[in-house]
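Values below: every heavy atom of this structure, side chains too, minus hydrogens, waters and symmetry copies.
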Amino acid sequence: RKAWGFDSLHPHKLQLINMQITTKEKKDKVLELSVKVVKDDYFDSYHKVLKSYKRDMLLPGFRKGKVPTGIIEKKYGISIMVEEVNKLVQNKLYDYIKENEVKTLGSPIPNIENKIEWKIGSDFNFVFEVGIYPEIKAVISKKDKLDFFLIEPEKQTIDNYVNDISKRYGKMESHKLSKEGDVLFCKINQIDGNGEIIKNGITNEASITTEYIDSEKEKNKFISLKQKDKVKANVKKVFTNMADLSAMLNIDKGSLEKLENDLFLFEVKDIKRLTPAKIDKDLFDKLYGKDNVKTKKDFLNKIKEEARTSYKLESDRMLKNDIVIYLMKKTKISLPDEFLKRWLQVSSKNPISSEDVEKEYEMYSKSLKWQIIENKIIEDNNLKADENEIKSFANNLVKNQMMQYGRSDISDNELNDISKNIMKNEDEKKKIIDQLYDKKTLDHYKKSFTLKSKKISYDDFVKLATEKNK
């Protein structure tokens with residue numbers, strides 16, 4: 001998260017063996033770095049590589065290691081020198097940038113007008129260009145005002161949440177007669193037009209959930225059935241989800257598409273019905289631990305608070321987007337656009353045309369500008385995170401995730417072990433650190449801006465978010 005930028009824009013000069021590097025600021029926010037390389041800078045490494053070629057070379061008419069140096073130099077000398085000089089220049093260039101704390105955008109690339117004539121034993125003058133990191137001010141005060149939209153959970157939302165929890169912790173029990181919503185366990189056989197089971201046809205045992213049958217006419221065929229009752233049905237009329245249907249028949253998608261006979265006989269083996277859990281203390285203890293929630297009123301308040309917390313993520317996301325737009329308008333940043341376009345093209349791992357760079361550049365430059373602004377805010381306000389803070393944050397993430405799966409009793413040792421294993425993965429560690437910095441910066445913005453809280457329904461929030469994203 002540490003930003004690169006320029007501490008000083010005055011020309012520098014550094015002696016490295018005989019190599020000289022000088023810098024000059026150009027008008028287009030670009031720093032020009034001139035590198036002078038003399039023969040003595042690269043000749044030792046050049047001859048060292050030449051000797052290794054001689055030691056290992058096999059050439060008709062010569063024994064291994066006995067090929068004359070002149071022949072090797074004539075055949076490979078230029079390519080060896082080019083590689084050694086480029087290696088030396090790159091190393092010393094980056095050493096110079098680091099030692100002089102030159103802050104840049106992108107990395108040095110050759111000036112397109114700098115032509116090199118490669119001759120063994122010659123001196124060379126290289127010219128590189130690199131973007132100048134802009135110096136900015138990113139100050140937030142209470143004069144900066146934004147609306148903060150807070151979603152208030154409605155009664156219907158709470159009721160739906162209670163029903164979902166009740167079903168999730170309910171029990172599946174067998175019943176004699178099926179009704180809508182039941183799960184029927186059936187023996188399924190492919191049949192012909194006369195209703196006879198096809199020899200070597202498709203057969204399987206699977207469950208059928210009546211609420212997932214879209215057609216009322218087809219759904220009614222599976223209502224008021226008893227064990228051992230049989231139903232004939234065209235499976236493609238009953239089940240419109242082809243992935244679920246192929247799983248139910250235990251055949252692949254290709255075989256399902258080629259299916260010539262869609263008629264099947266369903267024989268009911270068992271009828272299961274979900275009995276929702278009672279909204280009582282037993283359920284509260286399962287959800288939140290023993291005696292943490294004692295009454296239905298406490299339970300509903302807890303759910304309301306959880307709904308607010310889940311909605312808070314949406315509110316925070318909208319606020320962060322509004323902050324980005326506000327600070328991008330407030331903070332003036334000039335970038336070395338032409339350099340960056342060329343650098344993006346030169347440094348890309350895969351070939352990319354100048355037309356493609358032009359198409360993507362506006363989005364890239366906006367992202368870069370925001371990164372510069374936020375890095376400045378992090379730096380100016382010392383919003384850094386040490387290893388202990390990262391570890392504690394990772395533990396909290398794991399703990400919250402475990403609670404979502406009903407694990408409220410996880411020990412500190414188990415928590416530490418899980419988060420430690422996660423942090424061994426560099427990609428996962430980076431994600432966690434990015435989340436931590438997102439939290440730290442958002443907390444800072446909430447303290448620094450004047451925020452006017454506005455309660456809003458979820459539906460109105462969605463409409464507002466859609467409008468803002470147009």
Side-chain angles (χ1 to χ4, degrees), residues 148-175 179-183 185 207 209-212 270-319 391-423 428 431-432 435-436 438-439 442-443 453 455-462:
F148 186 22
F149 294 94
L150 300 171
I151 305 170
E152 187 64 18
E154 298 169 316
K155 183 179 183 301
Q156 187 61 49
T157 303
I158 301 300
D159 291 344
N160 291 342
Y161 196 63
V162 171
N163 288 335
D164 287 343
I165 290 175
S166 180
K167 288 180 180 179
R168 197 188 315 159
Y169 285 85
K171 292 180 180 180
M172 293 294 288
E173 297 176 332
S174 292
H175 285 262
K179 67 177 186 178
E180 186 170 349
D182 285 352
V183 178
F185 292 86
S207 61
T209 305
T210 54
E211 66 178 304
Y212 295 146
D270 197 5
I271 300 165
K272 293 285 188 181
R273 186 173 303 154
L274 177 66
T275 302
K278 291 182 180 179
I279 308 302
D280 58 15
K281 193 170 179 304
D282 285 341
L283 178 61
F284 308 154
D285 287 346
K286 287 177 185 175
L287 288 168
Y288 304 108
K290 189 171 176 58
D291 294 334
N292 287 320
V293 174
K294 296 180 179 180
T295 66
K296 185 174 181 179
K297 182 180 178 181
D298 292 340
F299 173 61
L300 294 175
N301 287 335
K302 187 80 172 174
I303 287 177
K304 189 176 287 188
E305 199 56 45
E306 287 174 357
R308 287 197 185 105
T309 300
S310 66
Y311 286 148
K312 182 176 176 292
L313 295 174
E314 300 295 326
S315 296
D316 284 349
R317 191 176 292 116
M318 180 180 282
L319 176 63
K391 179 183 175 183
S392 176
F393 185 76
N395 282 0
N396 282 333
L397 287 178
V398 172
K399 186 175 182 179
N400 289 337
Q401 193 169 16
M402 288 296 182
M403 288 185 70
Q404 288 178 10
Y405 292 101
R407 286 289 312 276
S408 58
D409 58 342
I410 185 169
S411 68
D412 289 342
N413 287 338
E414 188 179 357
L415 198 61
N416 286 330
D417 288 342
I418 294 171
S419 60
K420 188 176 180 180
N421 284 330
I422 292 172
M423 297 291 277
E428 291 300 319
K431 287 179 187 176
I432 289 171
Q435 286 183 60
L436 175 57
D438 284 342
K439 182 182 182 303
L442 186 60
D443 288 346
S453 296
K455 290 185 178 181
I456 188 172
S457 71
Y458 182 76
D459 289 343
D460 287 341
F461 182 88
V462 171

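With rounding to the nearest 0.5 Å, the separation of CG in L300 from NZ in K155 is 9.5 Å. Rounding to the nearest 0.5 angstrom, the gap separating the CG atom in L436 from the OG atom in S392 is 9.0 Å. Rounding to the nearest 0.5 angstrom, the gap separating the CD atom in E211 from the CG atom in D182 is 10.0 Å. Atoms CD and CG, from E428 and L397 in turn, are 11.0 Å apart once rounded to the nearest 0.5 Å. Atom CG of L150 is separated from atom CG of D316 by 8.5 Å, given to the nearest 0.5 angstrom. Distance check: K296 NZ to D280 CG gives 10.5 Å after rounding to the nearest 0.5 Å.
The side-chain contact (heavy atoms from CB on, under 4.5 Å) test with Y288 singles out one residue from D291, N292, D285, and that residue is N292.
A centroid separation of 6.0 Å or more is found between the aromatic rings of F461 and F149.
For the pair E306/Y161, a side-chain contact is recorded, criterion being any heavy-atom separation below 4.5 Å from C-beta on. Within the 4.5 Å cutoff, the side chain of F299 has heavy atoms near those of the I279 side chain. D159 has its side chain out of reach of V162: every pair of non-hydrogen atoms, C-beta onward, lies at least 4.5 Å apart. In this structure, E152 and S457 have side chains that are not in contact, with every pair of non-hydrogen atoms separated by 4.5 Å or more. Side-chain contact between K391 and N416 is present, with heavy atoms from C-beta onward closer than 4.5 Å.
No hydrogens or angles considered: a donor-acceptor pair under 3.5 Å links the side chains of N160 and Q156.
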What do the steps show when you test I418 against M402 for side chain to side chain contact (heavy atoms under 4.5 Å, CB included), and what is the final call? CA-CA 11 Å; I418 294 171; M402 288 296 182; 3.3 Å; yes

Evaluate the criterion side chain to side chain contact (heavy atoms under 4.5 Å, CB included) for residue pair V293 and L287; output intermediate values, then yes/no. CA-CA 9 Å; V293 174; L287 288 168; over 6 Å; no

Decide salt bridge (Lys or Arg N to Asp or Glu O under 4.0 Å) for E305 and K302; before the verdict, give the C-alpha distance in whole Å, the side-chain angles of both, and the deciding distance to 0.1 Å. CA-CA 5 Å; E305 199 56 45; K302 187 80 172 174; over 6 Å; no

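A salt bridge is defined here as a Lys NZ or Arg NE, NH1 or NH2 lying under 4.0 Å from an Asp or Glu carboxylate O, and E314 with R317 meets this definition. Between D164 and R168 there is no salt bridge, since no side-chain nitrogen of the basic residue lies less than 4.0 Å from a carboxylate oxygen of the acidic one. Residues D443 and K439 are paired through a salt bridge, judged by an N-O separation under 4.0 Å between the basic side chain and the carboxylate.
For T209, there are no side-chain hydrogen bond (donor to acceptor under 3.5 Å, both in side chains) partners, not counting sequence neighbours.
Proximity of a side-chain donor or acceptor of D459 to a complementary backbone N or O of V462 within less than 3.5 Å is not detected. Between the side chain of S166 and the main chain of A277, a donor-acceptor pair closer than 3.5 Å is present. Without hydrogens or angle criteria, T210 side chain to E180 main chain gives no donor-acceptor distance under 3.5 Å. Here the side chain of N396 pairs no donor or acceptor atom with the backbone of F393 at under 3.5 angstrom.
Counting heavy-atom neighbours within 6.0 Å of F148 CZ, excluding the residue itself, gives a total above 12.
The shortest heavy-atom contact between M423 and A394 is SD-CB, 4.2 Å. When all heavy atoms of K399 and L415 are compared, the pair lying nearest together is N-CD1, 3.7 Å. Heavy-atom minimum distance, V398 versus I422: CG2-CD1, 3.8 Å.
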